[in-house]
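No hydrogens, no waters, no symmetry mates; every other heavy atom, side chains included, goes into these values.
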Amino acid sequence: MLTLTITSPVGCTDEVQDLLINDPAVSSVAVIRGASVKPAGDVVTADVAREGANDTIRALIGTGVHREGTIHIDDAATWVSANAYQVDNEMPGDGVDAVVW
């Protein structure tokens, strides 16, 4: 499981949020409006199954959020979430073997 932290200019946040909510590799999404100072905007976090992370990150880049904001990727060493466990199990492949580019 990976955790994405996205600093999003206000104009990108709704698209980023919708993309993540509808992504089958994503188990949770949180949006904190007005939390980002530079760039001025929002902070979006999401838990993503490692096996699906490349597609998720590619889609996020497609929104253009990275042009003014950032997409920060962290390994979740441990997580406790039945939903994340289900999403992780539904993804093809094995998270241990998944390489994130």
For the [atom1] atom of [X] and the [atom2] atom of [Y], what is their distance to the nearest 0.5 Å?
{"X": "T3", "Y": "D47", "atom1": "OG1", "atom2": "CG", "result": "4.5 Å"}
{"X": "T63", "Y": "I6", "atom1": "OG1", "atom2": "CD1", "result": "8.0 Å"}
{"X": "E68", "Y": "K38", "atom1": "CD", "atom2": "NZ", "result": "12.5 Å"}
{"X": "I57", "Y": "H66", "atom1": "CD1", "atom2": "NE2", "result": "12.5 Å"}
{"X": "T56", "Y": "L19", "atom1": "OG1", "atom2": "CG", "result": "7.5 Å"}

**Request:** Say whether, by atom type as modelled, one donor and one acceptor occur between the side chain of D42 and the main chain of G34 under 3.5 angstrom.
**Result:**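 Such a contact is found between D42 side chain and G34 backbone.
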**Message:** Check whether T70 reaches the backbone of H72 with its side chain - one donor and one acceptor, N or O, closer than 3.5 Å.
**Reply:** no
Atom of [X], atom of [Y] and distance for their closest heavy-atom approach:
{"X": "P39", "Y": "G69", "result": "CG-CA, 3.9 Å"}
{"X": "P9", "Y": "T7", "result": "CD-O, 4.0 Å"}
{"X": "A49", "Y": "M1", "result": "N-SD, 3.7 Å"}
{"X": "A53", "Y": "L2", "result": "CB-CD1, 3.5 Å"}

**Prompt:** Going by an N to O cut-off under 4.0 Å, is there a salt bridge joining R50 and D55?
**Reply:**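 D55 and R50: not salt-bridged.
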**Request:** Verify the cluster assignment for V10 and V65: are they in a single hydrophobic cluster under the rule of side-chain heavy atoms below 4.5 Å apart?
**Result:** no
**Asked** Going only through I, L, V, M, F, W and Y residues with side-chain contacts under 4.5 Å, is there a path from I32 to I71?
**Response**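 No, because I32 and I71 fall into different hydrophobic clusters, even though each may have its own neighbours under 4.5 Å.
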**Message:** Would you say that S8 contacts V43 through its side chain, given a criterion of any heavy-atom pair below 4.5 Å between the two side chains?
**Reply:** no
**Close side-chain approach of V44 to V29, heavy-atom, < 4.5 Å** = yes
**Prompt:** For T5 and T45, does a side-chain donor sit closer than 3.5 Å to a side-chain acceptor?
**Reply:** no
**Item:** Working for salt bridge (Lys or Arg N to Asp or Glu O under 4.0 Å), residues R58 and D23
**Value:** CA-CA 12 Å; R58 192 174 304 114; D23 188 325; over 6 Å; no
